[in-house]
Amino acid sequence: MKKMLILSCFLFLTSCFAKKEQIEHDEDISVQSLYRKALDQYFLEKLDLKKYDSLLATSKLRFIIRTTERQNVYQQTSTLSLNYIYFRNNIYIERLDRKTLDFLQSRIDNYKLNVDDELIKVVRETYSKIVKMFPEEKSSIKVLYSKNDKKIAFNNAVVFEIAHQSEFDEEGNYVSRENEARKKTYLKEELIPHLEMEFSEKLSCPVTIFIEE
């Protein structure tokens, strides 16, 4: 009887710890989501991202919006509400101090992620250390954002991606290989260099923009 009681207590405590860990995990996810949403909102206003997204949407080169099935997780979870451009850095909220984390937690109302000026101010003042891939490494080092060496950026860079998909006919053939080549050239040689320079000046840090192909 005593062994059964001890076992029951052990299982009860294990269940409590598991529930506590799950609650803490859910809270961390909510805080991270809130931070990312606020950061998206800050970039949306600071960089005028809607203008450039609209530029792609109305281009005569016909940039096709990716279907949900072909979007990566960064595009699917973006709160920018744009068709092509999304924020690509990971968010490391564990680098925030306890006071800031408590502030973020206090702003979550039953998992509702409401963003206001006060929250955007906090994000603006802290994001530079939250988006680094390696916090202790020098800003001058470069890091990989893909399994191959096609996506490389400075450790302290703010990173965006532009995603679109090729245009195919009903039989699955390219509508125009020449136009696909023109789109790639336009992005790599005209639009992206312009955006990287403009955004870097506005944010006072390196900005890199990848193409999700």
Side-chain angles (χ1 to χ4, degrees), residues 31-57 59 63 71-97 99-101 103-104 107 113-146 149-164 186-213:
V31 169
Q32 187 176 57
S33 298
L34 178 62
Y35 193 97
R36 178 175 287 276
K37 184 177 181 180
L39 190 54
D40 274 355
Q41 187 63 40
Y42 170 66
F43 288 144
L44 195 65
E45 297 173 357
K46 181 75 173 180
L47 305 178
D48 201 9
L49 294 174
K50 283 185 178 179
K51 179 178 75 173
Y52 294 108
D53 203 69
S54 296
L55 185 66
L56 291 170
S59 171
F63 286 94
Q71 294 177 2
N72 61 30
V73 66
Y74 297 95
Q75 188 172 14
Q76 289 180 353
T77 58
S78 173
T79 62
L80 289 172
S81 298
L82 302 177
N83 292 318
Y84 306 96
I85 305 171
Y86 52 92
F87 179 60
R88 177 60 180 78
N89 294 82
N90 290 317
I91 299 293
Y92 301 97
I93 59 168
E94 64 273 14
R95 296 174 189 164
L96 295 169
D97 58 43
K99 181 179 179 181
T100 305
L101 286 170
F103 167 77
L104 291 169
R107 305 308 297 269
L113 309 179
N114 298 316
V115 175
D116 58 18
D117 291 342
E118 187 178 7
L119 183 55
I120 289 179
K121 179 177 182 293
V122 169
V123 166
R124 184 180 69 244
E125 294 172 350
T126 59
Y127 79 85
S128 61
K129 67 180 180 180
I130 303 306
V131 301
K132 282 185 177 181
M133 191 172 290
F134 301 106
E136 303 303 326
E137 296 293 339
K138 293 181 179 179
S139 299
S140 59
I141 70 165
K142 291 187 176 182
V143 294
L144 287 172
Y145 277 82
S146 61
D149 59 353
K150 291 183 177 181
K151 296 180 179 180
I152 302 175
F154 285 110
N155 185 45
N156 65 329
V158 171
V159 181
F160 294 95
E161 276 188 339
I162 294 175
H164 67 100
Y186 168 70
L187 289 176
K188 289 185 175 181
E189 297 183 9
E190 294 185 42
L191 182 63
I192 288 178
H194 171 76
L195 295 185
E196 287 180 338
M197 182 178 294
E198 179 181 315
F199 293 174
S200 294
E201 290 177 356
K202 288 184 175 181
L203 297 178
S204 299
C205 73
V207 172
T208 299
I209 301 176
F210 298 131
I211 302 173
E212 177 66 5
E213 299 176 320

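Computed from heavy atoms alone, side chains included, the values below leave out hydrogens, waters and symmetry copies. Index from 1, following the sequence.
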Inset, instruction - Answer yes or no: does atom CZ of Phe154 have more than 12 heavy-atom neighbours from other residues, nucleotides or ligands under 6.0 Å? - result: no
Legend entry - His164: which of Tyr186, Phe63, Tyr84 passes ring-ring contact (aromatic ring centres under 6.0 Å, His included): Phe63
Legend entry - Atom pair CD/CG of Glu189 and Leu191 - distance to nearest 0.5 Å: 12.0 Å
Legend entry - Closest non-hydrogen atom pair between Ala38 and Ile120, with its separation: O-CG1, 4.2 Å
Inset, instruction - May I ask you to test the Leu195-Phe160 pair for a side-chain heavy-atom distance under 4.5 Å? - result: no
Legend entry - Thr208 side-chain N/O to Val159 backbone N/O, donor-acceptor pair under 3.5 Å: no
Legend entry - Proximity of Tyr127 and Phe87 rings by center, below 6.0 Å: no
Legend entry - pair Val115-Asp40: side-chain heavy atoms closer than 4.5 Å: no
Legend entry - Minimum side-chain heavy-atom gap Asn83-Leu56 below 4.5 Å: no
Legend entry - Working for side chain to side chain contact (heavy atoms under 4.5 Å, CB included), residues Leu47 and Val207: CA-CA 11 Å; Leu47 305 178; Val207 172; over 6 Å; no
Inset, instruction - Check whether any side-chain N or O of Gln32 sits under 3.5 Å from a backbone N or O of Ile93 as a donor-acceptor pair, and report yes or no. - result: no
Legend entry - Smallest separation among heavy atoms of Ile152 and Lys142, with atom names: CG2-CB, 3.7 Å
Legend entry - Distance (rounded to the nearest 0.5 Å) between Ser54 OG and Leu82 CG: 8.0 Å
Inset, instruction - Identify which one of Asn72, Thr79, Asp53 satisfies the side-chain hydrogen bond (donor to acceptor under 3.5 Å, both in side chains) criterion when paired with Tyr86. - result: Asn72
Legend entry - Expected output: side-chain Ser78 to main-chain Tyr74 donor-acceptor under 3.5 Å: no
Legend entry - Distance (rounded to the nearest 0.5 Å) between Ile130 CD1 and Arg36 CZ: 12.0 Å
Legend entry - Validation row: Phe43, Leu203 side chains within 4.5 angstrom (heavy atoms): yes
Legend entry - Phe199 vs Leu49 side-chain heavy atoms within contact, under 4.5 Å: yes
Inset, instruction - Kindly check if the number of other-residue, nucleotide or ligand heavy atoms within 6.0 Å of NZ (Lys121) is above 12? - result: no
Inset, instruction - Locate the shortest heavy-atom distance separating Ser146 from Lys150; write the atom from each residue and the value. - result: OG-N, 3.8 Å
Inset, instruction - Quick one: pull up CD in Glu161 and CD1 in Ile192 and give me the separation to the nearest 0.5 Å. - result: 9.5 Å
Inset, instruction - Indicate yes or no for a side-chain donor-acceptor contact from Arg107 to the backbone of Leu34 under 3.5 Å, with no hydrogens or angles considered. - result: no
Inset, instruction - Give the C-alpha distance, both sets of side-chain angles, the deciding distance and a yes or no for side chain to side chain donor-acceptor pair (under 3.5 Å) between Tyr35 and Thr126. - result: CA-CA 10 Å; Tyr35 193 97; Thr126 59; 2.7 Å; yes
Inset, instruction - Compare all side-chain heavy atoms of Asn156 with those of Pro206 and state whether any distance is below 4.5 angstrom. - result: yes
Inset, instruction - Could you check if a side-chain atom of Val122 sits within less than 4.5 angstrom of a side-chain atom of Leu96, using non-hydrogen atoms only? - result: no
Legend entry - Interatomic spacing from CD1 in Ile85 to CD in Gln75 - rounded to 0.5 Å: 10.5 Å
Inset, instruction - Count the heavy atoms of every other residue, nucleotide or ligand shown that sit under 6.0 Å from NZ of Lys129, and state whether that count exceeds 12. - result: yes
Legend entry - Side-chain (Lys151) to main-chain (Phe210) donor-acceptor, under 3.5 angstrom: no
Legend entry - Any Leu119 side-chain heavy atom under 4.5 Å of Asn114 side chain: no
Legend entry - Asn155 side chain vs Phe134 backbone, donor-acceptor pair below 3.5 Å: yes
Legend entry - Salt bridge present between Arg88 and Glu212 (N-O < 4.0 angstrom): no
Legend entry - Expected output: side-chain Asn89 to main-chain Ala157 donor-acceptor under 3.5 Å: yes
Inset, instruction - Could you grab the distance from atom CD of Gln71 to atom OG1 of Thr77, nearest 0.5 Å is fine? - result: 10.0 Å
